[in-house]
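Notes follow once the structure below has been shown.
From a predicted model like this one, the values you see are computed outputs, not experimental measurements.
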Amino acid sequence: MRNVRYLIQDEFQANQVADDLKVQLNINRMETISITSVESRNEVIVQIPEANESVEEVLSGFMRGYQKGMILE
């Protein structure tokens, strides 16, 4: 299990980005991904059950326009 924390740019709200990311992952039939927004730190935490290149591609493509940083845990 891996956690990826996306630090969201100030002009966006973590809650809205998390909701939009959930829709995108559902469209791509990636339902096993857990997404949590932390409004106080304006970040989105994504929990990936295992290393999966296709999930990582979707995440990086979607988050590219919203993130100002990323932390792998």
Side-chain angles (χ1 to χ4, degrees):
M1 193 72 64
R2 289 182 24 188
N3 288 329
V4 182
R5 292 173 48 200
Y6 291 99
L7 309 174
I8 305 301
Q9 296 176 22
D10 294 335
E11 60 265 20
F12 301 108
Q13 297 292 322
N15 290 338
Q16 186 61 51
V17 172
D19 289 343
D20 293 346
L21 179 57
K22 288 176 187 177
V23 170
Q24 181 65 45
L25 292 174
N26 283 335
I27 289 170
N28 288 300
R29 292 180 166 75
M30 298 175 177
E31 294 90 14
T32 60
I33 311 302
S34 174
I35 302 167
T36 305
S37 64
V38 181
E39 194 172 342
S40 62
R41 294 189 308 234
N42 204 32
E43 69 182 32
V44 174
I45 301 172
V46 180
Q47 193 171 45
I48 305 169
E50 58 192 47
N52 186 328
E53 239 180 85
S54 63
V55 170
E56 292 174 17
E57 282 182 35
V58 170
L59 287 174
S60 65
F62 181 86
M63 295 303 290
R64 186 172 293 126
Y66 298 107
Q67 72 183 32
K68 63 180 178 182
M70 180 178 73
I71 301 169
L72 298 173
E73 297 179 337

Spatial distance of atom OH (Tyr6) from atom CG (Leu59) [nearest 0.5 Å] = 4.5 Å

Does Ile45 reach the side chain of Ser37, with side-chain heavy atoms less than 4.5 Å apart?
-> no

So CD1 of Ile35 and CE of Met30: to nearest 0.5 Å the spacing works out to 11.0 Å

Would you kindly say whether Gln16 and Asp20 are connected by a side-chain donor-acceptor distance under 3.5 Å?
-> yes

Flag yes if Leu72 and Phe62 sit in one hydrophobic cluster, no otherwise; membership is Ile, Leu, Val, Met, Phe, Trp, Tyr, and two members link when side-chain heavy atoms are under 4.5 Å apart.
-> yes

To the nearest 0.5 Å, atom OG1 of Thr36 lies from atom CG of Asn3 at 8.5 Å

Test item: Val55 and Asn28 side chains (from C-beta on) under 4.5 Å apart, heavy atoms = no

Steps toward side-chain contact (heavy atoms from CB on, under 4.5 Å) verdict (Met63, Ile8) = CA-CA 9 Å; Met63 295 303 290; Ile8 305 301; 3.5 Å; yes

Among the clusters formed by ILVMFWY side chains lying less than 4.5 Å apart, do Ile27 and Ile33 turn up in the same one?
-> no

Under 3.5 Å donor-acceptor, Asn42 side chain and Phe12 backbone = yes

Judged by atom type as modelled, is there a donor-acceptor pair below 3.5 Å linking the side chain of Gln9 to the main-chain atoms of Gln67?
-> yes

When clusters are formed by joining ILVMFWY residues with side-chain heavy atoms under 4.5 Å apart, either directly or through shared neighbours, do Met70 and Val46 land in the same one?
-> yes

How many angstroms lie between atom OH of Tyr66 and atom CD of Gln13, to the nearest 0.5 angstrom?
-> 12.5 Å

Is it true that Val4 and Ile71 fall in one hydrophobic cluster, defined by side-chain heavy atoms closer than 4.5 Å?
-> no

Please name the residue in the list Asp19, Val23, Leu25 that meets the side chain to side chain contact (heavy atoms under 4.5 Å, CB included) test with Leu21.
-> Leu25

